[in-house]
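Below, chain A is the first sequence line, B the second, and so on; all start at residue 1.
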2 protein chains.
Amino acid sequence: MAKERDVCEVFYADKEKVKKVKTRMIGDKTAAGLAEIFKVLGDPTRVKILHVLSIEELCVCDISAILEMTESAISHQLRLLRNLKLVKFRREGRVVYYSLDDRHVTKLIKMGVEHERE
Amino acid sequence: MAKERDVCEVFYADKEKVKKVKTRMIGDKTAAGLAEIFKVLGDPTRVKILHVLSIEELCVCDISAILEMTESAISHQLRLLRNLKLVKFRREGRVVYYSLDDRHVTKLIKMGVEHERE
DNA sequence: TGAACTATTGAACAACAGCTCATATATTGA
DNA sequence: TCAATATATGAGCTGTTGTTCAATAGTTCA
């Protein structure tokens with residue numbers, strides 16, 4: 001178990017290797033940040049929302065109709081995407097139009113699609 | 001609400017737009033598959049595991065020492081990564097060495113890091 | 001102003017995810 | 001064969017997530 005190993009410091013499978021890799025490892029914050037981005041894309045509904053928005057600017061009502069889900073569910077997800085600055089919005093009368101606000105996300109999704117094809 | 005709209009089919013904010021985007025939308029399976037990949041990367045522990053494996057082939061014991069987590073926790077995550085064919089392994093006596101088995105994943109993580117920097 | 005409409009929000013709830021702990025499996029070497 | 005070691009696995013617990021439902025906030029127009 002990890003704790004005992006920390007104490008006696010003798011029986012790593014390869015102590016030098018461990019030391020070396022440990023210095024090159026990404027920090028907790030970086031890992032957490034990375035995971036956060038990917039977590040957003042780790043849900044079918046959000047993937048769909050981002051994908052349809054990559055085609056065209058759309059209002060909540062339209063997205064709801066396209067995905068065949070309640071406006072409430074869509075709105076909840078949009079709030080999340082908004083907070084993470086992945087989408088932006090503009091109000092036009094009663095209607096709120098959403099569109100993508102992050103070039104990286106589209107790239108990531110495209111890469112994902114590529115991965116899927118194999 | 002979505003249900004009523006399906007019945008009367010009259011008051012989309014933009015019916016034509018909805019129709020058009022709907023035909024171009026990715027299918028449920030594609031969305032689910034995409035989300036599955038990203039979901040795997042959406043956890044700090046797995047991000048770290050994949051990252052250290054991108055540096056070097058390592059055994060469970062080493063990964064456990066590097067991340068300072070129990071071997072059990074690491075093993076559980078490795079099983080997941082194994083099932084999704086993101087890592088491969090080879091046995092050498094009592095020791096099991098893991099390494100990356102998917103070139104896309106490394107790319108995705110690199111893109112994520114790039115995203116982080118801004 | 002008030003009715004109709006679009007979108008947002010909060011609470012609640014069920015499903016899920018990641019860890020721990022105990023146990024099991026596999027390999028080695030005495 | 002048996003003890004020691006390395007990893008894997010299952011059950012259980014806790015915190016998180018995505019949806020629904022009901023209520024609320026903005027906006028338009030009569």
Taking only side-chain nitrogens and oxygens of B/Gln77, does any of them come within less than 4.0 Å of OP1 or OP2 of C/dA17? no
Go nucleotide by nucleotide along DNA chain D from the 5' end; which of A/Gly42 and A/Arg91 gets its closest nucleotide reached first? A/Gly42
Salt-bridge contact A/Glu57-A/Lys88 (side-chain N to carboxylate O under 4.0 Å): no
Hey, does the side chain of A/Arg94 come within less than 4.0 Å of D/dA25's phosphate (OP1/OP2), counting only N and O? no
Please report, rounded to the nearest Å, how far the P atom of C/dT27 is from the CZ atom of B/Phe89. 11 Å
Could you work out which one of D/dT9, D/dT7, C/dT8 sits closest to the side chain of B/Arg79? D/dT9
Given atom CG of B/Asn83 and atom P of C/dA17, what is their separation to the nearest angstrom? 13 Å
The single option from B/Leu108, B/Thr45, B/Thr106, B/Ile109 passing side-chain contact (heavy atoms from CB on, under 4.5 Å) against B/Leu50: B/Ile109
So if I take every side-chain heavy atom of B/Val60 and compare against D/dA8, D/dG18, D/dA6, which nucleotide ends up nearest? D/dA8
Whole-Å distance between D/dT7 C1' and B/Ile63 CD1? 11 Å
Is there ring stacking between A/His76 and C/dT8, where the centres must be under 5.5 angstrom apart and the planes under 30 degrees? no
Looking at D/dA6, C/dG18, C/dA7, which one has an atom nearest to any side-chain atom of B/Leu80? C/dG18
From the list D/dG18, C/dA7, D/dT20, which nucleotide is the closest neighbour of the side chain of A/Asp43? D/dG18
Flag, side chain of A/Arg46 to backbone of A/Val40, donor-acceptor distance under 3.5 Å: yes
For B/Leu81 and D/dA8, what is the distance between atoms CG and P respectively, to the nearest whole Å? 12 Å
Of the options D/dT7, C/dC19, C/dA7, whose atoms approach the side-chain atoms of B/Ala73 most closely? C/dC19
Whole-Å distance between C/dT9 P and A/Glu71 CD? 14 Å
Any side-chain N or O of B/Tyr98 less than 4.0 Å from the OP1 or OP2 oxygen of D/dA8? yes
Can you name the nearest heavy-atom pair linking A/Val47 to A/Leu41, along with the distance? CG2-O, 3.1 Å
Side-chain donor/acceptor contact of B/Ser72 with base of D/dT9 under 3.5 Å: yes
Would you kindly check whether a donor in the side chain of A/Thr45 faces an acceptor in the base of D/dT19, or vice versa, at under 3.5 angstrom? no
Ring-face cation contact, A/Phe89 with A/Arg82, 6.0 Å cut, 45° max: yes
Answer yes or no: is there an ion pair linking B/Glu56 with A/Arg24, defined by an N-O contact shorter than 4.0 Å? no
Let me know the distance between CD1 of A/Ile49 and P of D/dG18, rounded to the nearest Å. 11 Å
Is the phosphate of D/dT7 approached by B/Arg82 (side-chain N or O, under 4.0 Å from OP1 or OP2)? no
In whole angstrom, give the distance that lies between atom CE of B/Met69 and atom C1' of D/dT7. 16 Å
Nucleotide nearest A/Ser75 (side chain, heavy atoms from C-beta), chosen from D/dT20, C/dT9, D/dT7: C/dT9
How long is the line joining CG of B/Leu78 and C1' of C/dG18, in whole Å? 14 Å
Considering only heavy side-chain atoms of B/Lys39, the closest of C/dA17, C/dC19, D/dT19 is C/dA17
